[in-house]
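To start, the structure itself, in C-alpha cells.
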Number of protein chains: 2
Amino acid sequence: MKPIYLAIIEDDLVVQESLVEFFGLHPTIETVVVTNSVEDFLKLINSCEKVPEILLLDINLPGISGLKGLPLIKNELPNLDIIMLTTFDETDNIFKALSCGACSYLSKRASLQNILDAVLVVSEGGSYMSPAIARKIANFYAPKKKSILTSRQLEIVDGIVAGKSYKMIASDLFVSIDTVRSHIKNIYKTLEINCKAELIRKSFNKEI
Amino acid sequence: MKPIYLAIIEDDLVVQESLVEFFGLHPTIETVVVTNSVEDFLKLINSCEKVPEILLLDINLPGISGLKGLPLIKNELPNLDIIMLTTFDETDNIFKALSCGACSYLSKRASLQNILDAVLVVSEGGSYMSPAIARKIANFYAPKKKSILTSRQLEIVDGIVAGKSYKMIASDLFVSIDTVRSHIKNIYKTLEINCKAELIRKSFNKEI
DNA sequence: TTTTCAATAACATAATAATGTGGTTTTACG
DNA sequence: CGTAAAACCACATTATTATGTTATTGAAAA
C-alpha cells in the first residue's frame, strides 16, 4: 500500500512534535516535511524528493499566517490537500480558508485521533470538518427567520439582484418606474444602505 | 441525563426498522415519532407529548419529498435540528437542504454508527457532514483556476463589489476616475456583461 | 525589433440610479 | 371608525454609471 505523504507547518514545537510522533506510529502515513513557518516550507518544498499530498497547516503562524500562506502554497502545489488547524473557530477565517482552497478545517482542541481521521478522510478524497465548524457552515446557509422587508420589496430586490434596471423591474411587475424608485428608496432606508452594490452584497450574504 | 428525543421519517420499512431498533438500544436516545411520510409526520406532531429535538429525514420520500418537506417541518418546529439522509450525493440537493435549514447531511451508505455519531454531534450543537458531502461544500468555495481578468482589473472589481463608487475606487488606487471607467469598460467587454449588478453576481458566484 | 497588451487618461454623451417631496388608494388591525 | 402600513404614482434634481472614441507609455512576447 502506497504511503500517504504528509507535511506539517506548525510553529508550536510541542504540538509539532506530538504530531510528528503520533503520525510516525502510523503504518501508512509518512511525514515528509515539517517546518514552523510558511516561508521555510516554501523554501524546502522545491528540494524535496517526496512531494507531500496532504498538509496540516496551522492558521496562526509568525510571519506569513496560515491564511495568507494558503494561496502561496496552493500556487506552488496545486494538488496539495490542505487541512487547517485552528485554535479559535472564527467564522470569517473558516470561509476565507475555504475560499483559498483549504479542504478541511478542524480545531486544535480536536484529539490526535480526530486529526488522523481527517488525514485519512482527505486521502480518500473526502473532507473533514469538526462539528462546530460544520455547524457554522450550515448556519451560514440557513434561512433567516423573517425579512424586515415586505414581500413586494423582496420582489424588487430580486429584480435588482437579477441585474435588471428599474425600467425592467417596473415592466415586469406592471407598475410605473416611479413606484419602483419609491420602493427602492424605502428599501434603502430600511436596510440603511444607499446603493445597489450594498443591496446585492446583502442579498448574497443572506442579510435580507 | 436528559434523553435525546428523536424523530424519523423514512419510507423504506427495512431501513426504518433498523434505525428504530438501533436507536432503541441506545441509553440516552428516545425515538418519539416514526413515520414514513412528511404528511404523516405533520399530522402526528401536534398530538405528541414529547417534542422531538432531532429529526432524521430521508430526502427521497413518496408524496412530499424530504427537500420540499423541510420548510414545512421547520415552520411547525423551528428549533428542530434536521439531519438529512440521502442515497445520492447530488450537489444541488446538498445546498438546497442547507438553505432550508438542515444542519447535517449524510449518505445512507453511512453505517448506523455514523448516523448515531451525527445525532450525538447535533445534540451537542454541532453539525455532521459525511466526508464526500463536506468535500463538495469545500469545493464549492475553492477558488477557480485562474481569472481571465488582469490583477489590476481584479482590484477594480474588488472595489465595485465592496460597494464603492468609481470616484472612491479612483482615489483608493490613486488614478483618475477616467482610468477606472476605462478599466470597467474593458472588464465588461471581457466578461460580456453590461452592468454592475452582473459583475457583483459573477463575483459572488466565483465566476471571475 | 516590431507588435501586443496592460495601465493610464481625457473628453463626450446618454442612460440609469439616488434622493427629496408630496400625494392617492387599499388593506389590515385595534 | 380611525389609523397605520403597504403599495401605488408623479415631478424634480443631482450623482453615478454605461458607452464610445482616442491616445500615451512601458513591459512583455513574438
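Lettering follows sequence order; numbering is per chain, from 1.
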Quick one, [X] and [Y] - any side-chain contact, counting heavy atoms below 4.5 Å?
| X | Y | result |
| --- | --- | --- |
| Thr86(A) | Asn93(A) | no |
| Lys196(A) | Ile160(A) | yes |
| Ile148(B) | Leu191(B) | yes |
| His183(A) | Leu173(A) | no |
| Val161(A) | Phe204(A) | yes |

Can a side chain N or O of Tyr188(A) be found less than 4.0 Å away from OP1 or OP2 on dA18(C)?
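Yes, because at least one side-chain N or O of Tyr188(A) sits under 4.0 Å from OP1 or OP2 of dA18(C).
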I want to check one thing: is the phosphate of dT19(D), taken as OP1 and OP2, less than 4.0 Å away from some side-chain N or O of Asn194(B)?
yes
When the distance from [atom1] of [X] to [atom2] of [N] is rounded to whole Å, what number comes out?
| X | N | atom1 | atom2 | result |
| --- | --- | --- | --- | --- |
| Arg181(B) | dT21(D) | CZ | P | 16 Å |
| Lys196(A) | dT19(C) | NZ | P | 13 Å |
| Ile187(A) | dA18(C) | CD1 | P | 11 Å |
| Ile184(B) | dT19(D) | CD1 | C1' | 12 Å |
| Glu198(B) | dT17(D) | CD | C1' | 15 Å |
| Lys189(B) | dG20(D) | NZ | P | 8 Å |
| Leu199(B) | dT16(C) | CG | P | 18 Å |
| Glu192(B) | dT19(D) | CD | P | 13 Å |

Assign His183(B) to base, sugar-phosphate, or nothing according to its heavy-atom contacts below 4.0 angstrom with the strands shown.
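Base: the residue His183(B), judged by heavy atoms under 4.0 Å, touches a nucleobase.
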Considering only dA18(C), dA9(C), dA6(D), which nucleotide approaches the side chain of Thr150(A) most closely?
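In terms of side-chain proximity for Thr150(A), the closest of dA18(C), dA9(C), dA6(D) is dA6(D).
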Side-chain-base donor-acceptor pair under 3.5 Å for Lys185(B) and dT21(D)
yes
I need the residues from residues 151-179 of chain A with at least one non-hydrogen atom less than 4.0 Å from DNA chain C; give them sorted by number, or say none.
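Contacts with DNA chain C under 4.0 Å: Ser165(A), Tyr166(A), Lys167(A).
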side-chain hydrogen bond (donor to acceptor under 3.5 Å, both in side chains) pairs, two or more places apart, involving residues 130-142 of chain B:
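Those involving residues 130-142 of chain B are Asp81(A)-Arg135(B), Tyr141(A)-Tyr141(B).
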Side chain Ser182(B), main chain Asp178(B), donor-acceptor under 3.5 Å:
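Absent.
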